[in-house]
Participant: 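Quick one: this structure, given as structure tokens, is what I'll be asking you about.
Proteins get letters first, then strands, A, B, ... in listed order; numbering begins at 1 in each.
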Amino acid sequence: MCFSVNVNLVKEEIEERYDVNFPDKYRYEPSYYYHAFGLPEIPTVCSDNPGTVRFLKWGLIPPWVKNSEDADEIRFKTFNARAESVETKLSFSSSFRTKRCLIPVRGFYEWQHIGNNKIPWYIYHAEDEIFTIAGLYSEWMPPDGSGMLSTFTIITTEANELMAEVHNSKKRMPVILGRNDEKKWIEKVLAPADAMNMLKPCPSKNLKAYTIGPLVNNKTANRNTPEVLKPYTWHSGNQLF
DNA sequence: CCAGACGTTGTT
DNA sequence: GTCTGG
DNA sequence: CCAGACGTTGTT
DNA sequence: GTCTGG
């Protein structure tokens, strides 16, 4: 599972890291905390125009959806796509063939279940300040004429050793592309078998993780602040987590 | 054959 | 639009 | 795909 | 054994 990310990235960082340009007009604010259920719009690099940043909304609406009501329902169930079945699932198969995208992040959040408690963790890349999550996107035309809605999903895979300890309930993690795979992932001609081979858990040694404080759980607080990333040690009685 | 599904896993 | 459970 | 059907028509 | 309704 992967529902919360740190996309505190400014225009210039993304342009340099991915060799892309921002569009002339865009509305995007970097944030330390984006959550899938808020349907945020975030910067991505897409297979249809790999030289330009595109802003996509979280929660993929498949192209065959018939009305806005169905769209609103399904997009809350397509924040993630399981790597094992992206090729065959009807909601993702067409995107998997031609609409793959790169999702630049600084890190992501996951919760560890200890008894009845859920301890938040922050996970980031051991070497790269900015790293890339593999995504799929879709372009959906609402029948009400309100204009194209571009949406994305994050591909998940089984957890590596580190992530199995952190996300110990579901043992899943986002697909983190190796730097050599980033350009390939968004090539239109990429063979499905080659694409599938990129969707593996990254090695544990590529990631680092630490526990963070309760601010990340506070729905009313402003979580777009570096405070949310501050290391924090959780205690329960004399148990140390 | 065709009606009905089509998706993942919360911190609700 | 395309697949599949019944 | 698979469970369930698989047949015809009196003059009774 | 093979077809077909659901």
Side-chain angles (χ1 to χ4, degrees), chain A residues 1-6 31-40 56-100 103 107-123 133-143 148-149 151-159 163-164 166-175 192 199 201 209 211-225 227-230 232 234 236 241:
Chain A
M1 185 227 359
C2 181
F3 283 0
S4 311
V5 293
N6 171 5
S31 179
Y32 285 94
Y33 180 85
Y34 278 128
H35 186 240
F37 281 79
L39 310 181
L56 305 177
K57 289 186 176 173
W58 207 337
L60 185 146
I61 301 167
W64 42 259
V65 165
K66 293 191 176 54
N67 56 63
S68 296
E69 197 184 355
D70 291 351
D72 287 341
E73 198 177 315
I74 199 164
R75 66 181 309 191
F76 279 88
K77 300 168 180 173
T78 55
F79 297 135
N80 291 165
R82 296 174 66 90
E84 297 88 332
S85 53
V86 278
E87 198 168 4
T88 52
K89 291 280 182 183
L90 295 169
S91 292
F92 303 125
S93 54
S94 67
S95 292
F96 176 72
R97 273 181 261 114
T98 60
K99 294 189 184 304
R100 296 176 302 272
I103 300 158
F108 59 95
Y109 306 87
E110 201 54 82
W111 280 258
Q112 182 181 42
H113 293 237
I114 305 273
N116 291 323
N117 300 309
K118 286 162 193 151
I119 312 295
W121 287 69
Y122 181 66
I123 302 98
I133 294 176
L136 301 176
Y137 68 103
S138 172
E139 289 168 329
W140 183 66
M141 189 60 83
M148 191 84 85
L149 193 48
T151 54
F152 77 94
T153 187
I154 280 179
I155 301 178
T156 63
T157 185
E158 61 179 314
M163 287 308 302
V166 173
H167 187 24
N168 56 350
S169 58
K170 308 291 180 186
K171 301 194 175 175
R172 305 286 300 172
M173 66 181 286
V175 171
L199 305 181
T211 55
I212 55 176
L215 175 61
V216 72
N217 292 330
N218 186 339
K219 290 206 288 288
T220 58
N222 172 26
R223 286 172 279 186
N224 179 17
T225 157
E227 288 296 300
V228 82
L229 300 179
K230 253 177 74 179
Y232 180 95
W234 289 77
S236 170
F241 294 141

Participant: If you measure from the C1' atom in C/dG1 to the same atom in D/dA3, how many Å do you get, rounded?
Facilitator: 30 Å
Participant: Nearest heavy-atom pair of A/Leu229 and A/Ile212: which atoms, and what distance?
Facilitator: O-CG2, 3.7 Å
Participant: If we ignore hydrogens and angles and just use 3.5 Å, is the side chain of A/Trp140 paired with the main-chain N or O of A/Val65 as donor and acceptor?
Facilitator: yes
Participant: With sequence neighbours left out, what residues match A/Asn218 under side-chain hydrogen bond (donor to acceptor under 3.5 Å, both in side chains)?
Facilitator: A/Thr220
Participant: Would you please classify the geometry between the A/Phe79 ring and the A/Phe3 ring as parallel, tilted or perpendicular, with 30° and 60° separating the classes?
Facilitator: perpendicular
Participant: Return the set of residues passing side chain to side chain contact (heavy atoms under 4.5 Å, CB included) with A/Leu90 (not counting sequence neighbours), or none when no residue passes.
Facilitator: none
Participant: Taking only residues two or more places apart in sequence or in another chain, which ones pass side-chain hydrogen bond (donor to acceptor under 3.5 Å, both in side chains) with A/Asn217?
Facilitator: A/Trp111
Participant: Listed by chain and number, what are the salt bridge (Lys or Arg N to Asp or Glu O under 4.0 Å) partners of A/Arg172, not counting sequence neighbours?
Facilitator: A/Glu84
Participant: Under 3.5 Å, side chain of A/Thr151 to main-chain N/O of A/Ile61, donor-acceptor pair present?
Facilitator: yes
Participant: Per the salt bridge (charged side-chain N to carboxylate O under 4.0 Å, His left out) rule, what does the pair list look like for residues 56-65 of chain A, sequence neighbours excluded?
Facilitator: none
Participant: Quick test: give all pairs of protein nitrogen or oxygen and nucleotides 10-12 of chain B nitrogen or oxygen below 3.5 Å, distance rounded to 0.1 Å.
Facilitator:
unit_1	atom_1	unit_2	atom_2	d
B/dG10	OP2	A/Lys170	NZ	3.3
B/dG10	N2	A/His35	ND1	3.4
B/dG10	N2	A/His35	NE2	3.4
B/dT11	N3	A/Tyr33	OH	3.4
B/dT11	O4	A/Ser4	OG	3.2
B/dT11	O4	A/Tyr33	OH	2.1
B/dT11	O4	A/His35	NE2	3.3

Participant: For DNA chain C, which nucleotides open and close the run of contacts to chain A, 5' to 3', at under 4.0 angstrom from a non-hydrogen atom?
Facilitator: C/dG1 to C/dC3
Participant: Looking only at atom C1', what distance separates C/dG6 and D/dG4, rounded to whole Å?
Facilitator: 13 Å
Participant: Between the protein and nucleotides 4-6 of chain B, are there any N/O to N/O pairs under 3.5 Å, and if so, what are the atom names and distances?
Facilitator:
unit_1	atom_1	unit_2	atom_2	d
B/dC6	O3'	A/Ser91	OG	3.0

Participant: Could you list the residues that satisfy ring pair (Phe, Tyr, Trp, His ring centres under 6.0 Å) with A/Tyr122, not counting sequence neighbours?
Facilitator: A/Tyr109, A/Tyr210
Participant: State which residues pass ring pair (Phe, Tyr, Trp, His ring centres under 6.0 Å) with A/Tyr137; sequence neighbours excluded, sorted by chain then number.
Facilitator: none
Participant: Can you give me the dot-bracket string for DNA chain D, 5' to 3', counting Watson-Crick and G-U wobble pairs with both distances under 3.5 Å, using [ ] for crossing pairs and | for partners on another strand?
Facilitator: ||||||......
Participant: Taking C/dT4 as the reference, what is the distance to B/dT8 when you measure between their P atoms (whole Å, please)?
Facilitator: 14 Å
Participant: Looking at A/Tyr33, A/Tyr34, A/Tyr32, which hits side chain to side chain donor-acceptor pair (under 3.5 Å) with A/Arg223?
Facilitator: A/Tyr33
Participant: State which residues pass salt bridge (Lys or Arg N to Asp or Glu O under 4.0 Å) with A/Glu139; sequence neighbours excluded, sorted by chain then number.
Facilitator: A/Arg54, A/Lys99
